[in-house]
**Q** 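Take this structure first; my questions come after.
The chain is numbered in sequence order, starting from 1.
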Amino acid sequence: VQLQASGGGLVQAGGSLRLSCAASGRTFSSYTMGWFRQAPGKEREFVSAISRSGGSTYYADSVRGRFTVSRDNAQKTVYMQMESLKPEDTAVYYCAAGTRTLGVGTNDYNYWGQGTQVTVSS
């Protein structure tokens, strides 16, 4: 599976962005999809995950209620709608595909996209 993330950009605090992650290959629906982020000088951290069917989701406490992950298996794409953005959300955001249901660790994911930069100004 090859993943291509897009949709990042510069936004003011309180604003919104929608990230997309397009996958290639025929087995997209076989994978849990996750979003992670990495700020400068920090470790990569879990943000959200969505199950193979899209019926279950899981979020980090820091984004729950503000971010919404969804997927379209026919389009082989996963999305993350980000609302009420804060400066501390600034990071490179990565999408990932894995076989563990709703995994939260980087080791739970086998395939990674290249990342898209999100910058939230105060």
**Q** Walk me through it: do R100 and T32 pass the test side chain to side chain contact (heavy atoms under 4.5 Å, CB included)?
**A** CA-CA 7 Å; R100 181 170 184 174; T32 283; over 6 Å; no
**Q** Which heavy atom of A39 sits nearest a heavy atom of A91, and at what distance?
**A** N-CB, 3.8 Å
**Q** Just by distance, no angles: are the side chains of E83 and S16 close enough, under 3.5 Å, to form a donor-acceptor pair?
**A** yes
**Q** Can you tell me if T77 uses its side chain to pair, donor with acceptor, with the backbone of Q75 under 3.5 Å?
**A** yes
**Q** Taking the side chain as every heavy atom from C-beta outward, state whether V11 and T119 have any atom pair closer than 4.5 Å.
**A** no
**Q** Answer yes or no: is there a donor N or O on one side and an acceptor on the other, between the side chain of Q4 and the main chain of G113, under 3.5 Å?
**A** no
**Q** From Q81 CD over to S48 OG, what is the distance, rounded to the nearest 0.5 angstrom?
**A** 12.0 Å
**Q** Is there a path of hydrophobic side-chain contacts, each under 4.5 Å between heavy atoms, that joins M80 and L3?
**A** yes
**Q** With side chain to side chain contact (heavy atoms under 4.5 Å, CB included) as the test, would you mind laying out the steps for C21 and W35 before giving the verdict?
**A** CA-CA 9 Å; C21 176; W35 286 97; 3.8 Å; yes
**Q** Is there a chain of hydrophobic side chains (I, L, V, M, F, W, Y, each step under 4.5 Å between heavy atoms) that links Y58 to V47?
**A** no
**Q** Is it possible for you to check whether R71 lies under 6.0 Å from the centre of the six-membered ring of F28, through NZ or CZ, and within 45° of that ring's axis?
**A** yes
**Q** Nearest 0.5 Å please: distance from the CD atom of Q38 over to the CD atom of E43.
**A** 8.5 Å
**Q** In Å, rounded to the nearest 0.5 Å, how long is the span from OG1 of T116 to OH of Y94?
**A** 10.0 Å
**Q** Measure the spacing between CG of L102 and CZ of R52 and express it to the nearest 0.5 Å.
**A** 8.5 Å
**Q** Apply ring-ring contact (aromatic ring centres under 6.0 Å, His included) to residues Y59 and F46 and explain how you reach the verdict.
**A** CA-CA 8 Å; Y59 298 92; F46 169 78; 8.3 Å; no
**Q** For a quick test of reading the model, state the closest non-hydrogen atom pair linking A97 to M33 and the distance between them.
**A** CB-SD, 3.6 Å
**Q** Can you name the closest pair of heavy atoms from A23 and V1 and give their distance?
**A** CB-CG1, 4.1 Å
**Q** Under a 4.5 Å cut-off applied to non-hydrogen side-chain atoms, are V92 and R37 in contact?
**A** no
**Q** Ignoring hydrogens and angles, tell me if any N or O in the side chain of T90 forms a donor-acceptor pair with the backbone of V120 under 3.5 Å.
**A** yes
**Q** Flag yes if Y79 and L19 sit in one hydrophobic cluster, no otherwise; membership is Ile, Leu, Val, Met, Phe, Trp, Tyr, and two members link when side-chain heavy atoms are under 4.5 Å apart.
**A** no
**Q** Is there a path from Y31 to V69 through hydrophobic residues (I, L, V, M, F, W, Y) whose side chains come within less than 4.5 Å of each other?
**A** yes
**Q** Should D89 and K86 count as an ion pair when the cut-off is N to O under 4.0 Å?
**A** no
**Q** Counting only heavy atoms not in R66, do more than 12 fall under 6.0 Å of its CZ?
**A** yes
**Q** Does the side chain of I50 come within less than 4.5 Å of V78's, by heavy atoms?
**A** yes
**Q** Would you call the rings of Y93 and F67 parallel, tilted or perpendicular, where under 30° means parallel and over 60° means perpendicular?
**A** tilted
**Q** Would you compute the distance between atom CG of L10 and atom OG of S121 and round it to the nearest 0.5 angstrom?
**A** 5.0 Å
**Q** Counting only heavy atoms not in Q117 (residues, nucleotides, ligands), do more than 12 fall under 6.0 Å from its CD?
**A** yes
**Q** Rounded to the nearest 0.5 Å, how far does OH of Y109 lie from SG of C95?
**A** 11.0 Å
